[in-house]
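So you know, we letter chains A, B, ... as the sequences are listed, proteins then strands, and number each from 1. Quick caveat, the model's predicted, so the values are computed rather than measured.
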2 protein chains.
Amino acid sequence: MAVDPDHVLRTAAALLTRKSTATMDEVARAAGISRATLHRHFAGRDALVRALESLGIEECRAALDAARLDEGTASEAVRRLVAAIEPVAGLLAFLYTENQLFEGEEQNPGWTLIDDRISALFRRGQLSGEFRIDLTPAWLTEALYGLLASAAWMVHSGKGAPKDFQHMIVELLLGGALRREES
Amino acid sequence: MAVDPDHVLRTAAALLTRKSTATMDEVARAAGISRATLHRHFAGRDALVRALESLGIEECRAALDAARLDEGTASEAVRRLVAAIEPVAGLLAFLYTENQLFEGEEQNPGWTLIDDRISALFRRGQLSGEFRIDLTPAWLTEALYGLLASAAWMVHSGKGAPKDFQHMIVELLLGGALRREES
DNA sequence: CCCATATGAGACGTCGATGTCTCACGCTGG
DNA sequence: CCAGCGTGAGACATCGACGTCTCATATGGG
């Protein structure tokens, strides 16, 4: 009887990931509840998106923790990060585009925290000599987001296999398209 | 007196690139015409988006032609491609997300043509030994789109300098984040 | 100069989504 | 057993955007 708000959120995330313009009614149906009940738990679409944003931030934070960005080489940390963040990629892409609509408003500070942690990882790689220094950590972070979105889209549209997700992103992000000199 | 439809289209492209949810009225105001006149030239928002899609495809095609993808090394061709396609990146990003809403409908075949030409470039690079073969041309193409969108977003939000646009994309796409061995 | 044509301004109806409300039902705990 | 709470279903008003229409105006060509 008692509705599980977390279950509703995760269902909504899964749906909106596929169809970003889904109606409140569709979200409710997908979660197996009525529109009225959905509205009892989330004041409106805005509140729902905000809650999804918090969920996404929390999952990202958890992924960052699980990836132990401070351990081992930066490359290894990037691989762990991509692996850990893969399940959130779809939700991330949705929130990414959704955030662009909040033009005037200030964005949730949680994103800054996440950006900073990822940027710090790339900076660590630069300081250790692993990563090149002509690409800023901010750009590498943004590029990672873009590649995550592209890969998620490829998998979702059936143009790519889910098993290749991590490999595609990590290899391109770290190694690039050029063939290495096997001297 | 006579309204220039092309000017309207380009103004709409510039506006929708920044605010993808802009109203028909906002689009009209931005183009310096009334909503009625806008509606006389484009039957509805749908028709406007379709026209923008055609414009985007045409500009892409022109960029691909200008980049002479068949000449020189594949790397050089990629650099020329990114340089030529930079002005269209914003519009591309808009159409990219807009297309995801046309879930059921078939997409404009023009995109396939463009995808194929870019994929062919990456395949050429693989055959010549320039590019690694464990990343599919389809993924490299999709990744290029993602990086274009990320870079356009960075520049638009002021987090990156426009002059770095090409460098950021090309260097990451081709070389990756890893520092090269300067043996 | 005059008329045809295109435009601007605005009113109007429509439609979809939203938010709110009421009422009846079923489950659960006392 | 019964009272209370949460839920489902649906009605209702609102709101924003859209598409259509009319009319006045100005502009440009004959």
Tell me yes or no: between the side chains of B/Glu98 and B/Ser20, is some donor less than 3.5 Å from an acceptor?
no
Is a salt bridge present between A/Asp6 and A/Arg10, judged by a nitrogen-to-oxygen distance below 4.0 Å?
yes
Rounded to the nearest angstrom, tell me the gap between atom CG in A/Leu38 and atom P in D/dG6.
17 Å
For D/dG6, does OP1 or OP2 lie under 4.0 Å from any side-chain N or O of A/His41?
no
For the residue pair B/Arg29 and B/Leu38, establish whether any side-chain heavy-atom pair is separated by less than 4.5 Å.
no
Taking the side chain as everything from C-beta on, heavy atoms only, tell me whether A/Tyr96 gets closer than 4.5 Å to B/Trp153.
yes
Tell me: CG of B/Asp25 to C1' of C/dT7, nearest whole Å?
15 Å
Check whether any side-chain heavy atom of B/Leu92 sits under 4.5 Å from a side-chain heavy atom of B/Ile85, and report yes or no.
yes
Give the rounded distance in Å between these two atoms: CG of B/Asp4 and C1' of C/dT7.
15 Å
Under 4.0 Å between a side-chain N or O of A/Thr37 and OP1 or OP2 of D/dT7?
no
Could you go over nucleotides 19-23 of chain D and give all protein N or O partners under 3.5 Å, atom names and distances?
from	atom 1	to	atom 2	distance (Å)
D/dG19	OP2	B/Arg45	N	3.4
D/dG19	N7	B/Arg35	NH1	3.1
D/dG19	O6	B/Arg35	NH2	3.0

Just by modelled atom types, is the A/Ala74 backbone N or O under 3.5 Å from a matching donor or acceptor in the A/Glu130 side chain?
yes
What's the CZ-C1' distance between A/Arg29 and D/dG8, to the nearest Å?
9 Å
When you measure from the side-chain N and O atoms of A/Ser34 to the phosphate of D/dA9, is any distance below 4.0 Å, counting only OP1 and OP2?
no
